[in-house]
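Start at 1 and go down the list; that is how both ligands and their atoms are numbered.
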Amino acid sequence: MRKKIIAGNWKMNKTPSEAAELAAAIVKNSAGAGCDVVVCPTAVCLPGVVEKTSGSNVEVGAQNVHFMESGAYTGELAANMLTDIGVKYVIIGHSERRQYFGETDETVNLRTKAALSGGLLPIVCVGESLTERENGVTSETVCRQVKLAFLGIDKADAEKVVIAYEPVWAIGTGKTATAEQADEVCGIIRGTIGSLYGEDAAEKIRIQYGGSMNAGNAAELLSKPNIDGGLIGGASLKADDFDVIVKAAEQN
Ligand code: 13P
């Protein structure tokens with residue numbers, strides 16, 4: 001039985017003091033939660049959020065990590081800088097990074113390997129665009145993204161990765177994939193992991209859905225057999241809405 005994982009991707013929102021306040025409210029709401037709860041603020045907010053969540057069951061994730069260990073990479077953050085302050089997870093390959101910041105399948109793979117060797121748990125994002133869905137290449141697209149993201153990663157490490165299926169057309173648009181559509185693609189992703197690492201790895205790996213998941217639709221999405229959690233944007237910025245999603249994960 002896979003433990004569900006609910007992660008909030010705060011994107012470029014909240015100042016450090018606002019982030020600390022939101023983290024404190026989530027810690028209070030999530031005490032004793034029956035699923036994994038992760039919050040992913042901006043880099044500058046990480047130390048304050050780590051402090052607020054310390055000793056609680058809420059873990060902290062970064063929104064990106066560089067693939068080199070150190071050096072002349074202005075503006076970047078290395079894995080050991082994140083683990084040093086108590087960060088546990090890192091989102092890799094979010095579609096906004098692919099779209100606006102030149103992230104490719106190759107850099108997603110490099111970042112995933114760097115995260116794993118640096119002791120971080122990657123949340124690797126994949127998902128098709130509207131054009132890809134409309135032209136019937138959703139399956140090929142997510143299979144390609146998954147296969148390339150996992151290149152050169154052994155089975156023991158692969159099982160630590162969380163995959164977030166985020167259809168690009170559903171992000172921040174209010175258009176959610178139906179629970180059936182989301183479950184179908186999460187199943188395809190699980191099958192891809194099975195072809196790479198075997199059935200047992202496919203059974204172990206956790207696959208989240210992301211894209212306009214909210215307090216109203218979370219329970220249905222999370223009740224599906226291949227959906228092991230959520231990566232939540234907008235609704236993760238409101239402690240009470242996020243809490244409804246956490247509670248839905250516990251019950252489904
Ligand atoms: P929304 O929940 O705002 O659609 O964002 C989803 C997302 O991109 C999470 O990473």
Side-chain angles (χ1 to χ4, degrees), residues 4-14 18-19 22 26 35-43 45-46 49 58-65 87-101 103 108 111-112 115 120-130 132-133 138 141-142 145-146 149 161-179 181-183 185-186 189 206-222 224 227-249:
K4 288 215 167 34
I5 174 166
I6 299 297
N9 175 8
W10 295 357
K11 306 191 181 184
M12 198 176 74
N13 294 292
K14 304 285 176 189
E18 290 165 350
L22 178 57
I26 290 172
C35 63
D36 289 341
V37 181
V38 184
V39 292
C40 305
T42 58
C45 299
L46 286 168
V49 170
V58 176
E59 298 288 4
V60 180
Q63 296 179 11
N64 191 20
V65 64
V87 171
K88 289 270 163 56
Y89 289 85
V90 61
I91 299 170
I92 294 174
H94 191 280
S95 66
E96 287 149 16
R97 296 213 58 86
R98 294 180 192 253
Q99 188 179 350
Y100 305 127
F101 302 104
E103 193 81 74
V108 169
R111 289 185 210 280
T112 304
L120 289 165
L121 298 173
I123 300 177
V124 173
C125 302
V126 298
E128 81 287 3
S129 66
L130 187 58
E132 287 161 339
R133 175 160 284 267
T138 296
T141 303
V142 297
Q145 290 172 335
V146 169
V161 175
V162 175
I163 300 175
Y165 166 55
E166 298 206 316
V168 179
W169 49 271
I171 295 175
T173 57
K175 275 190 211 162
T176 324
T178 64
Q181 284 172 325
D183 187 54
V185 183
C186 289
I189 292 169
R206 295 189 292 180
I207 305 174
Q208 299 172 311
Y209 169 76
S212 300
M213 189 187 269
N214 59 40
N217 60 27
E220 194 190 352
L221 287 157
L222 293 166
K224 293 291 174 191
I227 302 179
D228 306 316
L231 183 57
I232 296 111
S236 72
L237 297 170
K238 295 180 200 128
D240 290 346
D241 285 10
F242 190 65
D243 189 44
V244 172
I245 301 171
V246 169
K247 298 284 184 308

Ligand-side contact atoms (ligand 1) for residue partner [X], heavy atom cut-off under 4.0 Å:
X      : answer
His94  : 7 (C), 8 (O), 9 (C), 10 (O)
Gly211 : 4 (O), 6 (C)
Glu166 : 6 (C), 7 (C), 8 (O), 9 (C), 10 (O)
Ser212 : 1 (P), 2 (O), 4 (O)
Ala170 : 4 (O)
Gly234 : 1 (P), 2 (O), 3 (O)

(request) Using modelled atom types only, decide if a donor and an acceptor are shared between the side chain of Asp228 and the backbone of Ile207 within a distance under 3.5 Å. (result) yes
(message) Whether the side chain of Gln208 engages the backbone of Ile5 through a donor-acceptor N/O pair (distance < 3.5 Å, no angle test) should be reported.
(response)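 Answer holds: yes.
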(request) Quick one: look at Asn9 and ligand 1, take heavy-atom pairs under 4.0 Å, and tell me if it's side chain, backbone, both or neither. (result) side chain
(request) Using side-chain contact (heavy atoms from CB on, under 4.5 Å) as the criterion, point out the one residue from Asn217, Leu221, Ile6 that pairs with Ile245. (result) Ile6
(request) State, yes or no, whether a side-chain contact exists between Ser212 and Thr173 at a heavy-atom distance under 4.5 Å. (result) yes
(request) Starting at OG1 of Thr42, measure out to CE of Met12 and round the result to the nearest 0.5 Å. (result)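 Taking OG1 in Thr42 and CE in Met12, the distance rounds to 9.0 Å.
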(request) Nearest heavy atom to atom 4 (O) of ligand 1 wins, so pick from Gly172, Ala164, Gly233. (result) Gly172
(message) Can you confirm whether the side chains of Gln63 and His94 place a donor and an acceptor under 3.5 Å from each other?
(response)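 No, no side-chain donor-acceptor pair sits under 3.5 Å.
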